[in-house]
Amino acid sequence: MITIKNLHASIDGKEILRGLNLTVNTGEVHAIMGPNGAGKSTLASVLAGRDAYEITAGEVIFEGTDLLSLSTEDRAREGLFLAFQYPVEIPGVSNVNFLRTAINEIRAYKGEESLSAKDFMSLVREKSALVELDSKLASRSVNEGFSGGEKKRNEIFQMAMLAPKLAILDETDSGLDIDALRIVANGVNQLKSPENAAIVITHYQRLLDYIVPDFVHVLYKGQIVKTGGKELALELEEKGYDWIKDAHPTV
Amino acid sequence: MANYTEENLAEELENQEYKFGFVTPIDSDTIPIGLSEDVIRLISNKKEEPLWLLEHRLHAYNVWKTMEEPNWAHVKYKKPDFQNIAYYSAPKQSKKYESWDDVDPEMKATMAKLGISMEEQQRLTGVAVDFVMDSVSVATSFKEKLGELGIIFCSFSEAVQNHPDLVRKYMGTVVPTSDNFYAALNNAVFTDGSFCYIPKGVRCPMELSTYFRINAGGTGQFERTLVVADEGSYVSYLEGCTAPQRDENQLHAAVVELIALDNAEIKYSTVQNWYPGDKNGLGGIFNFVTKRGICHTNSKISWTQVETGSAVTWKYPSCILKGDHSIGEFYSVAVTNNYQQADTGTKMIHLGKNTKSTIISKGISAGKSQNSYRGLVQIHKSAKNARNFSQCDSLLMSSECGAHTFPYIECKNSTAKIEHEATTSKIGEDQLFYCKQRGIGEEKAIGLIVNGYCKEVLNQLPMEFAVEAQKLLTISLEGSVG
C-alpha cells in the first residue's frame, strides 16, 4: 500500500523527520505512538502534502506511485485520506455540498461520472448512521459550531463517504470522551477491509483498545525506533516513553 | 442554491478571460462628442420630450457646471474628459419593434451570448425583461400581463411620454439634481433607463428584470431608474449588467431612485459584472452610481448587490427611513481583482420612530486591488428607538491587495441602538488545505470558501441571480490566491 523510505522533512529549516522508514500493506492497521514533538503530526502532514514542509530526502511509494510528486488534491484522489487532528471550519459551506464537491472531483479524476443527487443522499444517510452523526449536521456548515466530538465524528463520516485506500488518523482520539471514542473507533473498524489500510496516530493506548492494530511503532525524534505488536502499546502505557528515550539518546 | 452545479462552473472556468468581451456590430446613431446646452437640447429633442424635462436638464447642466468632481473616495483614476464623451447613442433603427420577431437578429445573438435569451427567459422563468442596448429600450415583454394588474414597467423614455405625471411627481424627489457631481450630470444628459410603478395593494407576481449593456465605444451611459411602489404594494426588481471589452475607459453614471410608500416593499437586486479592465489595469468601466430609496411609514427597502466588475466603482445604495417603523437593508458582496478599485457601501438615514436598518457587507480583495467599505448610519433626533446592525467583513486573497473600512456613525437620539461588527481575514491556508485533502482542486476550493463567506448576501438574491452570482464570484477570483 505505502512504503516510506528514509524520509527527511523539515519546517522553517528545522528537521523534524530524520530518516523515517515504514511499510504498510493492504488490510493492515498500524499505530504510530510517541512522545510530544516526535514528529507524528508532521508525518501525517507530509504524507497529505501540506505546503509548509520541505522534503529534504527520501521517497514515498503509494500504490506504485511516487506520492511526493503528486499535488495534495491528487494524493486525495488517489485514495489517501487524512482525518485531521483539528478539523477546519468552513463557514457558509454545507457539509453536504462540501462532500458532494469532493466526491465528484475524485470521480472526475478517475474518469467516472458524477454521482446523482439521489445516490449521493442515500450514501449520506448510510454513512452518517455509521458514526451516529445527526443528519442535521450533514446540512450544517462544515465543522462550524460543531463540538469537539462532532468534529471528529464528521472526519470519520467524511472518510466513510470518500472510502479511501489509506486512511491516516491524526490523534483522532484527542478530546473525545469514552462514548465518542467508541463511536469513532466503531466507524473505523466497520470501514476496515482487506483492500484498505490505516495508520492511526495516537498519544494514548486507549484508542487501541477499540481499534486493534496489527503493528505498533514508536516514533521518536523523527525516526521509528521500535516496532511491535499490540502489546507494545500496553507496555508504553505502563512504562511511559522514558525507557525509549534512554535507549535512543543519540537519535 | 441547490441548483448550483459544479459542471457549469467548470465550463465557465475554462473561459476565464472576460466572458462578455465582444462588441455587437450594430450601427449606432451617435451624436457628436462633447457637452453643451445645444447637445442637451438635441438629446431632449431626439427623445421628443416635454418642455419641463428639457428645463430640468438645462437646470441640472448649469448646476453641474458649478460642481467639482468628488475626490474623497478611496480610488485613483484618470478623470474623464467630459468634452470627449458622446452623450447619446441609439441603435440606428427607424422604427420601434412591434413584436419580438422584429428585433434585429444581431441583437438577439448578443442576448443569446449574454445567456439571457428572451424566449428562454419568458418561457422558463416568467421574468419580464426590459433590455437596454446602449440607450434605447428595444424590447419589453410581459407588459400586457403586468398591465392587467395596473403595473407599469417600461423604459424611462416611454414613461415620460405615457405617464408624464407620475414621472414628474417622483423624479428627483429622492436624489435631488444637486445631490452630487455625477447625479447632476445624469440629470442633464440621461438618455434612458427603466420606470416601474406598482399600484396600491398590488403584489407584483414576477421578478422585474432589466439588463443593461454598454455597447458603442466611447459612449457614456447615463441611465435613470425610477421605481415607485404605491401603498401596500410589493416588487422585486433585478438589475444585471455586462459590457464588452474595451481599451478606453467608459463612464457610467446612473441614478436609481426607489420610492416605497406606506406599507410597501421594494427588493432591488443587482449583479454587476461590467468589464473590469485587463489584468494590467487597462480599460474597464467607471461606475459612478447614485442609488437611493425613501421609505414611508411601515415600508421596507432592501438593496442586494453583487459587484464583481468595473475598473472603478463608486456606489452607495442608501435608504432614507422617513416613515415610522420603516426598514432599510443593504446586503453587499464586492469583489475586486487585479487593479480594480471599489469604494462602496451604504447610507442609512433614520428619521422615523422605530426605524430599523441592517447592513451586511462582504468585501473580497485579490490581486493588487483596493476594496473599501464606506458607510454612514445617521440617527436623527426624531428617530426614537432606531436600530441598526452593521457587519462589515473583508477577505484578503493576496498580500498585495487592500481592504479598508470607513464606517461613520452619527447619533442624535439616545434611545437608538447601534451595533457594528467588522472582521478582516486572509483566505485560510488551513481551509484550502482541508479542501484539497478531500480531493477538491484549488480553484474549486476557493469558489466554495468564497461562496460560503458570501452566503448571507447570496441568500438574499432570487434563485436565478444567486446561481449566476456564485459563478461570477469564482470566475472573478480565478488564479487569485497569493
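Only a predicted model underlies this, so the values are computations on that prediction, with no experimental measurement involved. Chain letters run A, B, ... following the sequence lines, proteins first, then strands; residues in each count from 1.
- The environment of OH in A:Y53 is crowded: more than 12 heavy-atom neighbours from other residues, nucleotides or ligands sit within 6.0 Å.
- Two residues are said to be in side-chain contact when any heavy atoms from C-beta on lie closer than 4.5 Å; A:R50 and B:D430 meet this criterion.
- Note that CG of B:L448 is 5.5 Å distant from CG of A:N97, once rounded to the nearest 0.5 Å.
- Neither the backbone nor the side chain of A:L99 comes within less than 4.5 Å of any heavy atom of chain B.
- Contact of A:V96 with chain B is not made at all, since no heavy-atom distance falls under 4.5 Å.
- Of all heavy-atom pairs between B:K444 and A:T101, the closest is CD-CG2, 3.8 Å.
- With sequence neighbours excluded, the residues that form a side-chain contact (heavy atoms from CB on, under 4.5 Å) with A:S41 are A:Q85, A:D170.
- Side-chain contact between A:I90 and B:C435 is present, with heavy atoms from C-beta onward closer than 4.5 Å.
- Under a cut-off of 6.0 angstrom, the local environment of CG in A:D66 is crowded, with over 12 non-hydrogen atoms contributed by other residues, nucleotides or ligands.
- Within a 6.0 Å radius of CZ in B:R387, no more than 12 heavy atoms belonging to other residues, nucleotides or ligands are found.
- For B:Y434 and A:F98, the distance between ring centers is under 6.0 angstrom.
- For A:P87, the parts lying near chain B are the backbone and the side chain together; criterion is any non-hydrogen pair under 4.5 Å.
- From B:L432, atom CG reaches atom CD of A:E73 across 10.0 Å, with rounding to the nearest 0.5 Å.
- Proximity to chain B is limited to the side chain of A:Q158, based on heavy atoms less than 4.5 angstrom apart.
- Shown here for B:G439 and A:A76, the closest heavy-atom pair between the two residues is N-CB, 3.4 Å.
- Inter-residue side-chain proximity for B:Q437 and A:S45 is flagged as unmet; no heavy-atom pair is nearer than 4.5 Å.
- Taken from OG in A:S141 to NZ in B:K455, the straight-line distance is 5.0 Å, to the nearest 0.5 Å.
- Around NZ of B:K356, the count of heavy atoms belonging to other residues, nucleotides or ligands within 6.0 Å does not exceed 12.
- Here A:D74 contributes atom CG and B:K436 contributes atom NZ; the two are 11.0 Å apart, rounded to the nearest 0.5 Å.
- Looking at B:R438 and A:E155, a side-chain N of the basic residue comes within less than 4.0 Å of a carboxylate O on the acidic one, giving a salt bridge.
- Chain B forms more heavy-atom pairs under 4.5 Å with one residue of A:I103, A:D51, A:V93 than with any other, namely A:V93.
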